[in-house]
**Student:** 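Can you read through this structure? Questions will come right after.
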Amino acid sequence: MIVLLPPSETKREGGDGPPLRLDAMATPSLNPVREALVDELVALAGDPAACRKALSISASQDAEMQRNAELRVSPTMPALHRYTGVLYDNLDVTSLRGAAAIRARERLAVGSALFGLLRADDPVPAYRLSASSKLPGKPTLSARWKSALEPVLAELAADELVVDLRSGSYAALGRIPHAVTVDCLTEHPDGRRTVITHFNKAHKGKLARILAASRAEPNDAAAVAAVARRAGLHIERDGNTLTIIVSQ
């Protein structure tokens, strides 16, 4: 089983790994697109106005531009440690120990606008690029990634069950056949159900932790739901779509 996470815009600074080497990453077939995007981001950082527009950032976020300017020289750290935010706080992968930590490193992967697909230990620098970013004079990121990424994801899904926790814009970079997808709903006292917005990532982070650490090896959506239920989540299933139900 592979649990495919979205990235986060917030990332830890620093790292103790060597500067970026694409040949040190898994999935080398993605390196041509990775290489082109890294080059473009480094160059774009030299034009602050164009960079802010492309990345949808303000002048107060110019440190993000500096991250991109230093993409090839800044230190790296494992992908799972680079990303921060609500989902990653609830995943809390650094607190896993022993066999659970090993399983998490094998099972967790990240969909990235810059690198396409990252495995847990892939060494990455801090950077700024979102799936919705629009680099000047270039096709959309989904158009650029689709032909390279979808064969990789299809091969992954042929070998293992994929639980896809990516948001819509990241899922659009490369679709996955037969993936298990996850929604989150709040159930109100009167029985109404509404889409969870703010805490969506928190609940997906909790599910990711459960699946990453579990001794079970689920091979379909029903088995994934069973693992989550045993851990205390209220899960409903409709085919390959799981819904986390949170009572208000």
Side-chain angles (χ1 to χ4, degrees), residues 1-7 26-27 29-30 79-80 83 86-88 90-93 96 98-112 116-122 131 142 145-146 148-187 193 195-196 199-247:
M1 174 179 60
I2 297 295
V3 181
L4 184 54
L5 307 172
T27 325
S29 63
L30 301 179
L80 274 187
Y83 297 101
V86 174
L87 187 150
Y88 288 87
N90 283 272
L91 170 59
D92 193 16
V93 72
L96 295 175
I102 294 171
R103 285 191 290 269
R105 289 170 60 193
E106 293 173 346
R107 291 174 175 173
L108 294 171
V110 180
S112 164
L117 177 68
L118 291 167
R119 301 310 295 259
D121 290 332
D122 280 344
S142 60
W145 272 119
K146 186 179 178 66
L149 188 55
E150 287 197 341
V152 168
L153 296 174
E155 184 177 354
L156 189 69
D159 294 334
E160 302 194 62
L161 177 70
V162 178
V163 180
D164 189 356
L165 300 183
R166 296 176 299 169
S167 59
S169 60
Y170 283 92
L173 299 180
R175 303 293 180 180
I176 306 174
H178 314 302
V180 175
T181 58
V182 178
D183 296 325
C184 298
L185 296 177
T186 296
E187 187 168 71
R193 289 180 172 181
V195 175
I196 295 174
F199 293 108
N200 178 291
K201 293 178 181 179
H203 295 296
K204 286 185 175 181
K206 292 175 183 177
L207 176 62
R209 181 180 176 88
I210 291 166
L211 297 178
S214 174
R215 293 186 179 90
E217 290 286 354
N219 57 9
D220 59 21
V224 172
V227 171
R229 288 175 186 137
R230 286 197 296 270
L233 293 186
H234 179 182
I235 294 278
E236 295 181 358
R237 182 176 71 89
D238 181 5
N240 274 357
T241 300
L242 304 183
T243 302
I244 301 173
I245 307 297
V246 180
S247 297

**Student:** Does CD in E155 sit with more than 12 non-hydrogen atoms of other residues, nucleotides or ligands closer than 6.0 Å?
**Tutor:** no

**Student:** Would a 4.5 Å heavy-atom cut-off, applied to side chains only, mark W145 and L30 as touching?
**Tutor:** yes

**Student:** Can you confirm whether R209 sits close enough to L96 that some side-chain heavy atom of one is under 4.5 Å from a side-chain heavy atom of the other?
**Tutor:** yes

**Student:** Measuring only between side-chain heavy atoms, which start at C-beta, is Y88 closer than 4.5 Å to L5?
**Tutor:** yes

**Student:** Is the side chain of R103 donor-acceptor paired with the backbone N or O of A213 at a distance under 3.5 Å, no angle test?
**Tutor:** yes

**Student:** May I ask you to check whether over 12 heavy atoms, not counting those of R105, lie within 6.0 Å of atom CZ?
**Tutor:** no

**Student:** Is the closest side-chain heavy-atom distance between R107 and E217 below 4.5 Å?
**Tutor:** yes

**Student:** CD of E187 to CD of E236: how many Å apart, nearest 0.5 Å?
**Tutor:** 7.5 Å

**Student:** Give the C-alpha distance, both sets of side-chain angles, the deciding distance and a yes or no for side chain to side chain contact (heavy atoms under 4.5 Å, CB included) between V195 and L185.
**Tutor:** CA-CA 5 Å; V195 175; L185 296 177; 3.9 Å; yes

**Student:** Roughly how far, to the nearest 0.5 Å, is CZ of R230 from CD1 of I210?
**Tutor:** 11.0 Å

**Student:** Under a 4.5 Å cut-off applied to non-hydrogen side-chain atoms, are V182 and L165 in contact?
**Tutor:** yes

**Student:** Does a side-chain heavy-atom distance below 4.5 Å link D183 with L242?
**Tutor:** no

**Student:** Any side-chain heavy atom of L108 within less than 4.5 Å of one from V110?
**Tutor:** no

**Student:** Ignoring hydrogens, what is the shortest heavy-atom contact between A208 and L91? Give both atom names and the distance.
**Tutor:** C-CD1, 4.0 Å

**Student:** Considering non-hydrogen atoms only, spot the tightest contact between G174 and L153 and give its length.
**Tutor:** O-CD1, 3.3 Å

**Student:** Check each of T27, I176, L117 against L149 using the side-chain contact (heavy atoms from CB on, under 4.5 Å) test, and report the only one that passes.
**Tutor:** L117

**Student:** State the CG-CE distance between N219 and M1, to the nearest 0.5 angstrom.
**Tutor:** 10.5 Å

**Student:** Just checking H178: does its NE2 atom have more than 12 heavy atoms from other residues, nucleotides or ligands closer to it than 6.0 angstrom?
**Tutor:** no

**Student:** Which pair of non-hydrogen atoms, one from R229 and one from R237, has the smallest distance, and what is that distance?
**Tutor:** NH2-N, 4.2 Å

**Student:** So, R175 side chain and E150 main chain: donor-acceptor pair closer than 3.5 Å or not?
**Tutor:** no

**Student:** Mind checking what makes ring pair (Phe, Tyr, Trp, His ring centres under 6.0 Å) contact with Y170, not counting sequence neighbours?
**Tutor:** none

**Student:** Please name the pair of heavy atoms, one in V224 and one in P218, separated by the smallest distance, quoted to 0.1 Å.
**Tutor:** N-CB, 3.7 Å

**Student:** At their closest point, which heavy atom of R119 faces which heavy atom of A79, and how far apart are they?
**Tutor:** O-CB, 3.7 Å

**Student:** Between the main-chain N or O of A26 and the side-chain N or O of D122, is there a donor-acceptor pair closer than 3.5 Å?
**Tutor:** yes

**Student:** How far apart are the closest heavy atoms of S214 and A216, and which atoms are they?
**Tutor:** OG-N, 3.0 Å

**Student:** Does CG belonging to D159 count more than 12 external heavy atoms closer than 6.0 Å?
**Tutor:** yes

**Student:** Less than 4.5 Å apart, any side-chain heavy atom of K204 and any of V163?
**Tutor:** no

**Student:** In this structure, which one of V180, N240, L4 forms a side-chain contact (heavy atoms from CB on, under 4.5 Å) with D164?
**Tutor:** L4

